[in-house]
2 protein chains.
Amino acid sequence: MTRKRATLTEVAKRAGVSIATVSNVFSGRKPVNDELKKRVEKAAKELSFQIDRAASQLKSGKARVVGVLVPDLDDTFFTSLISRIEVMALKDSYDVIVASSRDDKQLEESRLQTLLGWRPSGIIAVPCSDIVPAVLAREVAHIPTVLVDRVITQSAVADTVTIDNFEAGEIAGRYLVEMGHKDIVLAASSLDIAPIRERVRGAVSIIHKMSGREPTAIELGSNAERGAEIFAHWLERHPLPSAVFALTNVTTLAALTALARQRVDIPEQVSIIGFDDYTWMSARKTALTAIRQPVDEIARLAWERLQIRIGGDVSEPHPSILNTSLKVRESTRRLADPSRGEGLKPAEEQPGETIDNAAKERPNRIH
Amino acid sequence: MTRKRATLTEVAKRAGVSIATVSNVFSGRKPVNDELKKRVEKAAKELSFQIDRAASQLKSGKARVVGVLVPDLDDTFFTSLISRIEVMALKDSYDVIVASSRDDKQLEESRLQTLLGWRPSGIIAVPCSDIVPAVLAREVAHIPTVLVDRVITQSAVADTVTIDNFEAGEIAGRYLVEMGHKDIVLAASSLDIAPIRERVRGAVSIIHKMSGREPTAIELGSNAERGAEIFAHWLERHPLPSAVFALTNVTTLAALTALARQRVDIPEQVSIIGFDDYTWMSARKTALTAIRQPVDEIARLAWERLQIRIGGDVSEPHPSILNTSLKVRESTRRLADPSRGEGLKPAEEQPGETIDNAAKERPNRIH
DNA sequence: TTGAAAGCGCTAACAG
DNA sequence: CTGTTAGCGCTTTCAA
């Protein structure tokens with residue numbers, strides 16, 4: 001098998017033109033006589049010819065590829081990001097090379113290094129920790145780079161696209177306190193991750209301010225199954241909290257799984273706010289109240305920034321910070337206040353109502 | 001920005017050796033004196049040199065890339081496939097280029113054509129219909145190709161990896177009838193897709209044989225949200241079936257969403273069997289009974305086949321057919337028989353029990 | 001072992 | 001508009 005593929009030269013010969021002409025009809029960089037173009041196209045089709053990207057790229061120095069690195073290809077958040085990036089890439093005729101760091105700092109470096117070998121036009125990376133990968137830090141001056149999601153905006157060496165994690169924590173925390181909850185658990189993935197710490201900070205600070213209580217943060221990791229076990233174990237040795245705020249879509253799954261296994265009723269016994277907004281969250285009797293990340297917008301901005309950099313922009317690193325919102329559905333219930341406990345009806349808010357960011361006054365915002 | 005990257009020549013100059021030597025230390029194809037190797041590595045690090053894959057590939061003709069085409073990057077089934085392929089690719093030091101056809105036959109052809117431009121070592125494709133893409137049909141003799149999932153095994157021109165769709169339908173159908181269900185709805189995505197037709201055929205035939213009834217198949221498409229609307233609409237104008245068998249993970253989501261919106265109790269009012277097995281399916285009070293596809297195995301076999309072909313094997317197309325199993329959980333309830341209706345307890349089977357394929361006697365199996 | 005040299009298939013001047 | 005030609009950065013003989 002694998003007979004040698006046709007080359008420009010063969011097509012040129014068959015069409016009776018020069019290789020430059022063939023190149024031109026394929027690249028469209030120079031006009032070509034209609035008659036010749038037809039001949040070339042015919043010859044190309046007959047040989048099922050297709051420009052060799054390696055050769056093309058080698059010569060032109062232009063790649064039309066972007067590398068995309070994420071921490072986990074089994075996490076819907078990242079794959080939905082990739083999905084959207086792929087759409088925009090196609091529109092601008094780029095190809096996408098994906099790589100997963102599997103949340104491993106070392107693998108991350110090596111995957112990135114490999115990606116660089118393609119001489120891509122740019123790289124979109126979701127680092128697995130908040131330390132910017134050394135490879136990128138070194139290369140950032142030479143290759144357009146956009147860092148997404150797991151980034152400390154302030155210290156970033158490249159363009160970043162993140163959500164306002166502190167605010168996300170605040171929104172959920174405020175809502176829970178307003179609903180009368182005091183005994184709140186924060187289901188974090190890992191406090192080693194800066195955005196997660198921010199979400200925790202946001203929730204803790206507002207809950208403390210409003211109710212004087214301190215929520216408990218527990219770490220469930222990045223795997224739903226293991227997270228469920230950890231949470232189940234935690235539940236066994238602690239009194240049931242009145243509400244759980246899950247800080248990622250994976251911990252949402254973990255918390256829900258553990259709660260389901262222990263036959264805890266939602267929201268009757270425990271209210272829960274999830275993170276991200278996927279179809280499965282509303283495909284349930286008790287649809288999930290959740291913090292929505294604007295994935296579309298995140299992807300769009302990341303791509304836009306990358307294109308700007310590819311276009312030659314060399315200004316200072318640009319941080320984009322997006323706002324989240326709370327999608328109120330049925331998994332949170334209002335507690336009778338102050339003697340909590342008896343109100344059995346769910347939230348008064350209309351299912352489907354969205355509470356938008358209202359924390360505009362918070363200082364230290366970067367824009 | 002974008003200062004020119006270091007080249008072999010520069011590294012060679014800096015290390016005081018020839019470019020061939022540098023190439024050898026990087027490729028490891030020929031032994032190099034330890035002392036020289038050290039010098040080269042030092043120089044390379046100083047210049048943060050990295051082999052240019054385009055050049056390397058152009059010269060050697062070897063690519064170490066595989067193209068992966070799927071119909072939808074927002075469908076967990078396909079992304080989990082990609083995730084597993086990426087792992088194996090890394091192990092064998094291949095990179096992965098992903099492309100989505102978005103269920104569009106035309107886009108599929110063009111994405112495939114583009115993929116071919118990379119001169120990949122091989123292609124793993126999930127076609128969006130059961131017609132093998134023309135590009136692939138033409139190239140299959142020249143480039144290792146494995147077709148996964150949406151394939152008509154019998155007519156395949158390349159290696160295929162699929163599940164036994166007919167059997168999957170039978171397993172679910174048999175279980176439902178045994179549980180006393182007669183009024184069964186099949187939530188299909190699209191009957192244009194061969195595997196879906198097979199699942200329907202399997203379910204219909206066994207249900208008919210066992211109960212004399214004909215289940216109703218309805219098409220919900222490949223988008224959960226739209227599917228939910230279609231199903232909700234259907235529910236409004238038909239009496240509630242006693243059971244729904246969803247034929248894909250997306251229609252599972254669609255059916256569940258519609259049922260939830262109409263406040264239908266599962267399994268009290270309607271039993272449901274889902275397809276695929278993802279975490280969200282058990283992260284619910286009423287965990288979902290579902291047909292499990294062995295995604296790991298599918299990915300493993302696809303990769304294995306591809307490697308065999310890359311290795312030069314030119315034997316006849318090899319079809320791999322994997323068995324599914326039913327993961328019994330709580331969304332299916334036993335109906336009092338023959339006067340159905342009153343038994344309120346869920347399935348007698350232990351939650352978590354797995355019913356393995358038992359249709360070994362079915363003829364016309366390809367192996 | 002190491003080095004010199006010949007291209008891989010294509011693009012981009014440049015000349016016609 | 002079309003053709004000629006000089007490499008892009010690397011791998012791979014072939015000699016030394």
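Within every chain, numbering begins at 1; the chains are lettered A, B, ... in the order of the sequence lines, protein sequences first and strands thereafter. All heavy atoms count here, side chains included; hydrogens, waters and symmetry mates do not. Because the structure is a prediction, the values reported are computed rather than measured.
B:Phe26 comes within 4.0 angstrom of nothing in the nucleic acid, heavy atoms only. If you check every strand for non-hydrogen atoms under 4.0 Å, B:Ser23 touches a base.
Using a cutoff of 4.0 Å between basic side-chain nitrogens and carboxylate oxygens, B:Arg111 and A:Glu86 are scored as salt-bridged. Electrostatic pairing of B:Arg300 and B:Glu304 counts as a salt bridge here, judged by a charged N lying under 4.0 Å from a carboxylate O. Salt bridge A:Glu108/A:Lys105: present, at least one basic N to carboxylate O contact under 4.0 Å. Between B:Arg5 and B:Asp52, no side-chain nitrogen of the basic residue sits less than 4.0 Å from a carboxylate oxygen of the acidic one, so the salt-bridge criterion is not met. Residues A:Arg150 and A:Asp103 are paired through a salt bridge, judged by an N-O separation under 4.0 Å between the basic side chain and the carboxylate.
Note: CZ (A:Arg53) to C1' (C:dC10) measures 13 Å, nearest angstrom. Taking atom CD of A:Gln57 as the reference point, atom C1' of D:dG7 lies 16 Å away to the nearest angstrom. Look at CG on B:Leu116: it is 16 Å from C1' on C:dG9, rounded to the nearest Å. Atom pair A:Lys38:NZ and D:dT2:P shows a separation of 13 Å (rounding to whole Å applied). The separation between A:Arg64 atom CZ and C:dC10 atom C1' is 17 Å, rounded to whole Å. Protein atom CG of B:Asp52 is 16 Å distant from nucleotide atom P of C:dC10, rounded to whole Å. In this entry the distance linking NZ of A:Lys13 with C1' of C:dG9 reads 13 Å, nearest Å. Put simply, CG on A:Leu58 is 14 Å from P on D:dG7, counting in whole angstrom units.
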Which pairs, protein N/O on one side and nucleotides 2-4 of chain C N/O on the other, fall under 3.5 Å?
| unit_1 | atom_1 | unit_2 | atom_2 | d |
| --- | --- | --- | --- | --- |
| C:dT2 | OP2 | B:Asn33 | N | 2.7 |
| C:dG3 | OP2 | B:Ser18 | N | 3.0 |
| C:dG3 | OP2 | B:Ser18 | OG | 3.1 |
| C:dG3 | OP2 | B:Thr21 | OG1 | 2.5 |

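At a cut-off of 3.5 angstrom, the base of D:dG7 holds at least one donor-acceptor pair with the side chain of A:Lys59.
Partner A:Glu35 forms a side chain to side chain donor-acceptor pair (under 3.5 Å) with one of A:Arg39, A:Lys37, A:Lys38 and no other, that one being A:Arg39.
Side-chain proximity of A:Ala55 to the nucleotides C:dA12, C:dC8, C:dC10 is greatest for C:dC10.
In this structure, A:Arg29 reaches the C:dA12 phosphate: one of its side-chain N or O atoms is under 4.0 Å from OP1 or OP2.
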(message) As a quick check of understanding, evaluate side chain to side chain contact (heavy atoms under 4.5 Å, CB included) for B:Leu58 and A:Gln57, giving each step before the final call.
(response) CA-CA 10 Å; B:Leu58 176 58; A:Gln57 165 171 345; over 6 Å; no
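With the end axes of the helix from C:dT1-D:dA16 to C:dG16-D:dC1 each set by five pairs, the angle from one to the other reads 30° at 10° resolution.
Pairing each heavy atom of A:Asp92 with each of A:Arg64, the nearest pair is O-NH1, 2.5 Å.
Between the side chains of A:Thr21 and A:Ser18, at least one donor N or O lies within less than 3.5 Å of an accepting N or O.
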